[in-house]
Protein chains: 4
Amino acid sequence: MYSFKNDYSEGAHPQILNALIETNLVQEDGYGEDQYSLQAAKLLREKMNDDEVAIHFLTGGTQANLTAIAAFLRPHEAAVAAATGHINVHETGAIEATGHKVLAVPSGKDGKLTPTGIQSLLDAHPDEHMVKPKLVYISDTTENGAVYTKKELEALNAFCKNRHLYLYLDGARLGSALTSPANDLQLSDLPKLVDAFYVGGTKNGALIGEALVICNDALKDDFRFIMKQRGAMLAKGRLTGIQFLVLFRDNLFFDLAAHANAMALKLSNAIQEAGYAFLTPPVSNQIFPILPHSLLDTLHQQFHFFDWEKIDHEHSAARLVTSWATKEEAIDAFIASLKEKVTR
Amino acid sequence: MYSFKNDYSEGAHPQILNALIETNLVQEDGYGEDQYSLQAAKLLREKMNDDEVAIHFLTGGTQANLTAIAAFLRPHEAAVAAATGHINVHETGAIEATGHKVLAVPSGKDGKLTPTGIQSLLDAHPDEHMVKPKLVYISDTTENGAVYTKKELEALNAFCKNRHLYLYLDGARLGSALTSPANDLQLSDLPKLVDAFYVGGTKNGALIGEALVICNDALKDDFRFIMKQRGAMLAKGRLTGIQFLVLFRDNLFFDLAAHANAMALKLSNAIQEAGYAFLTPPVSNQIFPILPHSLLDTLHQQFHFFDWEKIDHEHSAARLVTSWATKEEAIDAFIASLKEKVTR
Amino acid sequence: MYSFKNDYSEGAHPQILNALIETNLVQEDGYGEDQYSLQAAKLLREKMNDDEVAIHFLTGGTQANLTAIAAFLRPHEAAVAAATGHINVHETGAIEATGHKVLAVPSGKDGKLTPTGIQSLLDAHPDEHMVKPKLVYISDTTENGAVYTKKELEALNAFCKNRHLYLYLDGARLGSALTSPANDLQLSDLPKLVDAFYVGGTKNGALIGEALVICNDALKDDFRFIMKQRGAMLAKGRLTGIQFLVLFRDNLFFDLAAHANAMALKLSNAIQEAGYAFLTPPVSNQIFPILPHSLLDTLHQQFHFFDWEKIDHEHSAARLVTSWATKEEAIDAFIASLKEKVTR
Amino acid sequence: MYSFKNDYSEGAHPQILNALIETNLVQEDGYGEDQYSLQAAKLLREKMNDDEVAIHFLTGGTQANLTAIAAFLRPHEAAVAAATGHINVHETGAIEATGHKVLAVPSGKDGKLTPTGIQSLLDAHPDEHMVKPKLVYISDTTENGAVYTKKELEALNAFCKNRHLYLYLDGARLGSALTSPANDLQLSDLPKLVDAFYVGGTKNGALIGEALVICNDALKDDFRFIMKQRGAMLAKGRLTGIQFLVLFRDNLFFDLAAHANAMALKLSNAIQEAGYAFLTPPVSNQIFPILPHSLLDTLHQQFHFFDWEKIDHEHSAARLVTSWATKEEAIDAFIASLKEKVTR
């Protein structure tokens with residue numbers, strides 16, 4: 001049974017494994033001070049046209065989020081997220097465990113934040129009897145597969161600057177976002193538009209690894225102390241450094257994400273042709289078709305994927321996720337099953 | 001220049017890299033629920049002759065320590081460590097960042113804790129104006145390369161049970177400890193002697209990974225929640241699972257550690273023959289010869305290693321670390337340099 | 001200008017001040033081990049017909065809540081509160097600062113929690129990627145002045161027991177609740193119905209002080225350690241002990257609350273007679289009449305009180321708070337102003 | 001039996017109780033925004049000849065310390081204290097519970113810190129694998145009754161400025177320090193010499209209350225948020241405001257401390273005349289005479305006081321504490337008992 005459950009079902013792209021083998025016996029310093037990590041950071045700065053951003057490699061999204069937020073905020077300051085935001089729901093209170101409240105803004109189906117939504121929350125937090133909203137957390141793609149446009153991000157950036165808020169972007173699926181047909185942002189736009197973000201490796205072809213990029217000078221000091229304190233500094237830092245070197249030395253990071261998106265697009269086109277709608281427009285490697293339960297039952301016999309949300313008595317939205325490793329035959333097989341069931 | 005700076009200068013043992021390649025495209029569930037992680041946990045339980053221990057894979061020592069201690073203690077309870085203990089000195093306050101004080105017991109050159117030392121500390125903490133010592137943290141090997149005997153560990157176990165203390169063993173270098181000439185413990189002894197411990201992979205041939213073993217039933221509940229909360233649960237949990245499967249399916253874990261110890265023994269024998277003493281008896285893969293500064297200067301020109309502690313105006317103790325990857329030629333070259341300098 | 005802004009505008013009931021004077025030079029032990037605190041705890045246990053409850057005196061509601069919740073929960077466990085709950089909104093993230101997420105349940109105008117609301121939240125937290133709801137936080141009276149009935153509390157108690165949740169009651173205004181016309185609970189019912197609660201002194205005639213009552217044996221251990229750690233243990237613990245002794249040696253606690261309620265009732269009756277509705281039924285010492293802006297403007301010239309919530313373009317709900325110290329002349333004056341304005 | 005156990009055995013100075021009575025029914029705003037608190041802060045700024053210091057009233061020493069340190073430090077920064085320092089030993093890990101390590105410097109019998117001692121600790125904390133020492137915590141008087149001279153404090157101030165460390169002074173017994181014969185500091189010197197300190201009320205005639213003074217502008221922002229978050233903001237903030245107004249409107253604060261010191265001096269002179277030595281020179285309201293066990297046994301039958309430290313098989317140091325409330329007759333009785341026993 002082929003799985004569309006997530007984009008971390010397989011290991012890593014072969015070029016990454018090869019690089020690990022080739023470098024295996026080279027002796028390097030530990031804790032992120034190896035040549036590979038230093039080169040990967042330099043390379044990322046080049047790709048972003050920004051010599052000043054600080055770059056640190058961590059092992060996962062929750063770890064990146066909690067380490068960054070713990071480093072950036074004072075105790076009474078809170079993070080603002082969409083109600084569906086990963087830090088609000090799916091990190092087992094990791095942010096609160098560092099002492100900070102996560103303030104949830106009701107969000108639409110797309111999971112995006114807007115200045116209006118954040119402003120409502122600011123209005124409700126006027127004084128010292130309440131936490132002080134200080135960091136706005138967004139994800140691109142969002143938890144619901146949506147993509148921010150450049151205009152939307154510029155509006156958030158202007159709003160946050162004006163309200164003295166930090167803007168932080170969770171890029172667990174940034175590859176998919178930047179190669180989406182709905183996207184008009186470039187990687188090099190981000191340092192100008194957010195205070196910090198991370199480039200997700202784990203869900204785009206790496207074994208493990210996220211590259212945190214700190215753009216705002218005021219947030220850079222002593223970050224390695226905080227990483228070490230949170231258990232986020234690897235003795236063999238080379239492991240993440242080498243992977244990001246491979247992902248960015250040519251265009252691999254973008255190629256892999258583009259493949260995932262292309263597979264999702266093929267799938268969503270077929271689903272649309274079969275007459276089905278989507279919970280949110282299918283623009284990235286996570287798509288949410290609304291399908292009848294009878295069809296879902298049939299598909300579940302052949303494929304692994306999650307049911308996401310019940311829509312009515314006869315329909316639910318499924319979540320189908322593609323990745324750098326998704327085989328086109330699997331997509332074709334899924335489409336065939338769908339069509340067969342529909343036409344019967 | 002060859003490096004004896006640490007045991008994490010290289011990547012991973014080739015068998016591990018091969019296993020990553022062989023399994024690379026097999027689709028698996030995430031977050032430690034993949035078949036490899038489940039099999040590795042089963043295998044470790046078999047090797048320990050204990051069906052009941054809970055096993056979780058984490059990515060580093062600091063992370064394992066902070067996650068375990070956060071899970072095990074109530075807010076007012078403290079960890080007790082040797083003054084030289086890793087959690088007391090070299091984890092950037094990771095334990096305190098989870099809210100718990102680390103109480104330091106003065107320790108000898110070997111870095112070991114004894115019931116007497118712990119009792120003094122208990123005596124000094126009689127009431128609720130002070131924290132409550134609750135978890136005893138030891139390392140095997142210690143930060144100074146010493147090894148606990150079975151008798152010593154039994155004494156600590158009896159003492160801790162009697163005083164209602166948990167005994168936790170940091171096994172970052174457990175491989176080296178269990179294959180040391182000074183050792184009479186077996187891996188399968190540990191579940192009977194401590195409440196929890198971890199088996200270090202990173203410093204014994206893995207790319208990354210530590211296997212936390214929770215022996216005391218009272219400490220097992222909901223540990224995966226705490227892992228997730230601390231950013232210690234990998235999306236691609238297979239990465240650590242596969243590695244421990246390789247390390248323990250045959251005898252690789254012990255073979256690699258035995259090699260590291262053999263290399264250190266060869267080195268220490270030669271140093272002893274050349275007439276030099278050691279800060280602590282050389283019994284594991286970290287040795288601390290006391291050498292004249294002139295000799296150190298010469299050796300530093302050919303090899304990377306750390307000076308550890310100044311002894312007097314003319315001598316310092318160096319720290320030389322061998323590993324699974326240490327080449328015998330490098331040992332021979334070091335010995336040759338040493339002898340050449342000495343005989344001149 | 002007379003103030004109806006809150007129930008902590010004045011000092012303390014004269015009997016309390018007298019007791020402080022009478023006992024002033026008696027030498028006592030510190031940190032809550034004085035005879036007054038011990039006697040007050042004994043007295044409270046008698047009033048509750050429960051020899052086993054543990055009683056601790058703290059200095060304020062936020063402190064009581066954060067100390068109790070920090071003592072009761074493991075790191076991944078969360079508190080469940082109404083969205084309007086004090087710990088969710090008005091304690092500057094005090095609970096999160098101890099590491100725990102507060103999960104908000106949408107609540108009606110009355111600010112009460114129900115089993116149905118809590119069950120929805122449990123359903124949304126099925127696994128270790130999310131925090132584990134463990135403690136249900138309610139207030140009596142609620143932040144909106146409502147009062148729990150015995151039947152409602154029994155239902156919550158049964159639900160929580162069944163779901164292995166702790167039930168915790170914030171009694172900042174418990175005096176007003178227990179003497180409300182809407183109430184059918186007695187103080188001695190509470191130890192059977194909740195796992196812990198506190199009896200609010202500060203808002204019912206004391207200078208300072210809340211009596212935390214821990215009913216569930218499993219939550220009693222080492223609470224004094226946690227108090228000390230959170231800065232909640234007073235050197236002169238006598239200060240809170242003496243006050244609770246005075247409040248409960250006769251019936252003063254209930255008499256003072258009954259006076260506050262009577263004053264609020266007189267006020268709400270007059271407001272109702274004048275033809276105005278309330279945001280929530282006026283049953284305790286906080287009432288929320290919905291008044292035209294023109295009338296509010298007039299009243300604000302003579303009295304201090306807070307506007308609570310805008311209802312429509314012409315009306316807002318005001319919050320009027322009475323207390324043990326409220327003078328009936330002030331109530332009469334308010335009513336006179338109201339009537340004068342209305343009849344003109 | 002008269003008690004010399006501590007300086008918080010009685011209630012408050014009568015002038016304070018009178019002021020509470022006189023102001024009792026005046027309606028005031030809550031949470032420290034009452035007129036008394038505002039006036040008391042203004043008055044303290046005048047006494048310090050400093051218009052810019054920020055002043056906040058808290059309820060106890062542990063609370064003041066933990067709130068200040070939580071407000072001042074980033075997560076990886078640590079407090080430096082004498083090994084005997086209150087935050088290191090007697091606050092049940094309150095600082096660690098806010099996430100910060102306390103680094104202990106071995107101190108002499110007097111409990112003072114020196115630049116040399118702090119420098120050793122800085123030398124041992126060179127990089128991000130260790131916490132970053134950032135705040136130096138001292139007490140005046142120290143836990144052992146010693147008093148800092150102006151020169152000593154100037155040296156610490158210069159050292160801390162040079163090393164970018166904050167200097168924080170715990171003034172639980174600042175009154176006794178400033179009126180000690182060993183003292184040459186004035187209250188108005190402190191804002192120039194430390195970054196923050198608190199003026200202890202609880203141990204010098206108040207029922208409850210410490211006035212935190214933040215001198216360094218960089219540490220002032222949003223302190224009320226942190227107070228509220230830590231449960232340190234009283235609804236009836238007037239309680240502490242009124243007390244400090246009374247303590248400082250004339251010279252009461254200093255008069256009370258001078259009385260305590262005078263009583264201790266009378267006691268220590270008699271003890272010296274009787275031929276006994278002291279653990280540390282008796283210069284404040286805590287004195288530590290070294291007495292034979294037989295004499296201690298006799299005195300314990302008539303007076304309450306703590307044995308502090310065993311000196312040898314026949315002697316222990318006792319701790320005798322005087323206060324604003326100490327009666328001279330009690331001192332005379334103690335001296336009489338001592339002499340009687342000695343001459344027999």
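Below, read A as the first sequence line, B as the second, and so on, with proteins coming before strands; counting in each chain starts at 1. Bear in mind that the values here come from a model prediction, so they are computed numbers and not experimental data.
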A.B. asks: Check B/Ala40 against B/Gly241 and note the closest heavy-atom contact, atom names and distance.
C.D. replies: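 Between these two residues, the closest heavy atoms are CB-O, 3.4 Å.
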A.B. asks: Under the ring-ring contact (aromatic ring centres under 6.0 Å, His included) test against A/His56, which residue among A/Phe244, A/Phe225, A/Phe223 passes?
C.D. replies: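 With A/His56 as partner, ring-ring contact (aromatic ring centres under 6.0 Å, His included) holds for just one option, A/Phe223.
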A.B. asks: Side chain, backbone, both or neither: which part of B/Leu66 has an atom under 4.5 Å from a heavy atom of chain A?
C.D. replies: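 For B/Leu66, the contact with chain A is made by the side chain alone.
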A.B. asks: If you count heavy-atom pairs under 4.5 Å with chain B, which of A/Asn65, A/Leu234, A/Ile226, A/Asn6 comes out on top?
C.D. replies: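 Of A/Asn65, A/Leu234, A/Ile226, A/Asn6, A/Leu234 has the most heavy-atom pairs under 4.5 Å with chain B.
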A.B. asks: Looking at CE of B/Met263 and CD1 of B/Ile287, how far apart are the two atoms once the value is rounded to the nearest 0.5 Å?
C.D. replies: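 Result: 11.5 Å between the selected atoms.
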A.B. asks: In terms of heavy-atom pairs under 4.5 Å with chain A, which of B/Ala97, B/Ala64, B/Pro14 leads?
C.D. replies: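 So the answer, after comparing B/Ala97, B/Ala64, B/Pro14, is B/Ala97.
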A.B. asks: Flag the one option from B/Thr92, B/Thr202, B/Leu239 with the top tally of heavy-atom pairs under 4.5 Å to chain A.
C.D. replies: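 Greatest number of close heavy-atom pairs with chain A: B/Thr92.
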A.B. asks: Indicate the ring-plane relationship of B/Phe303 and B/Phe334, choosing parallel, tilted or perpendicular according to the 30° and 60° boundaries.
C.D. replies: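 B/Phe303 and B/Phe334: tilted rings.
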A.B. asks: Identify which of B/Thr62, B/Thr23, B/Asn24 forms the greatest number of heavy-atom pairs closer than 4.5 Å to chain A.
C.D. replies: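 When all of B/Thr62, B/Thr23, B/Asn24 are compared, B/Asn24 has the most.
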A.B. asks: Given heavy-atom pairs under 4.5 angstrom as the criterion, report whether the side chain, backbone, both or neither of A/Tyr31 touches chain B.
C.D. replies: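 A/Tyr31 touches chain B through side-chain heavy atoms alone.
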A.B. asks: So which part of A/Leu20 gets closer than 4.5 Å to some heavy atom of chain B, the side chain, the backbone, both or neither?
C.D. replies: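 Both backbone and side chain.
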A.B. asks: What part of A/Leu17 lies closer than 4.5 angstrom to a heavy atom of chain B: side chain, backbone, both or neither?
C.D. replies: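 The side chain, not the backbone.
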A.B. asks: I'd like to verify something: which residue of B/Ser9, B/Ser3, B/Ala232 has the highest number of heavy-atom pairs under 4.5 Å with chain A?
C.D. replies: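 Among the listed options, the one with the most contacts to chain A is B/Ser9.
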A.B. asks: Measure A/Ala172 against the heavy atoms of chain B and call it side chain, backbone, both or neither at under 4.5 Å.
C.D. replies: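 Interface part for A/Ala172: neither.
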A.B. asks: Given the options A/Gly93, A/Gly30, A/Ala12, A/Ala70, which has more heavy-atom pairs under 4.5 Å with chain B than any of the others?
C.D. replies: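 Among the listed options, the one with the most contacts to chain B is A/Ala12.
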A.B. asks: Side chain, backbone, both or neither: which part of A/His90 has a non-hydrogen atom closer than 4.5 Å to chain B?
C.D. replies: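 Backbone only.
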A.B. asks: Looking at B/Gln63, B/Glu91, B/Arg238, B/Met1, which makes the most heavy-atom pairs under 4.5 Å with chain A?
C.D. replies: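 Answer, by heavy-atom pair count under 4.5 Å with chain A: B/Arg238.
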A.B. asks: Nearest 0.5 Å please: distance from the CD1 atom of B/Ile87 over to the CD1 atom of B/Ile95.
C.D. replies: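 Answer for the CD1-CD1 pair, B/Ile87 versus B/Ile95, is 5.0 Å.
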A.B. asks: Please determine, among A/Gly61, A/Ala325, A/Gly60, A/Ala235, the option with the most heavy-atom pairs under 4.5 Å with chain B.
C.D. replies: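 Maximum pair count with chain B is reached by A/Ala235.
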A.B. asks: How long is the gap from NZ on A/Lys203 to OG on A/Ser176, to the nearest 0.5 Å?
C.D. replies: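 Those atoms lie 11.5 Å apart.
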A.B. asks: Examine whether an atom of B/Asn18 lies under 4.5 Å from a heavy atom of chain A, and if so say whether it belongs to the side chain, the backbone or both; otherwise answer neither.
C.D. replies: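 Neither the backbone nor the side chain of B/Asn18 comes within 4.5 Å of chain A.
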A.B. asks: Any idea how A/Tyr168 and A/Phe72 line up, ring-wise: parallel (<30°), tilted (30 to 60°), or perpendicular (>60°)?
C.D. replies: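 Ring orientation of A/Tyr168 relative to A/Phe72: perpendicular.
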A.B. asks: Would a distance-only check, ignoring hydrogens and angles, find a side-chain to backbone donor-acceptor pair under 3.5 Å from A/His259 to A/Thr326?
C.D. replies: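 It does hold such a pair.
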A.B. asks: Would you tell me whether B/Gln302 and B/Ser337 have side-chain atoms, one donor and one acceptor, within less than 3.5 Å of each other?
C.D. replies: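 The answer is yes; a qualifying pair exists.
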A.B. asks: So how far is it from A/Ile16 CD1 to A/Leu245 CG, rounded to the nearest 0.5 Å?
C.D. replies: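 Between A/Ile16 CD1 and A/Leu245 CG, I get 10.5 Å after rounding to 0.5 Å.
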A.B. asks: Go through the side-chain N and O atoms of B/His300 and B/Asp307 and say whether any donor and acceptor fall under 3.5 Å apart.
C.D. replies: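 Distance-only check passes for B/His300 and B/Asp307.
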A.B. asks: Who among B/Leu207, B/Thr98, B/Leu25 has the most heavy-atom pairs with chain A under 4.5 Å?
C.D. replies: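 Looking at each of B/Leu207, B/Thr98, B/Leu25 in turn, B/Leu207 comes out on top.
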A.B. asks: Answer with side chain, backbone, both or neither: which region of A/Lys5 has an atom nearer than 4.5 Å to a non-hydrogen atom of chain B?
C.D. replies: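 Contact with chain B is through the side chain of A/Lys5 alone.
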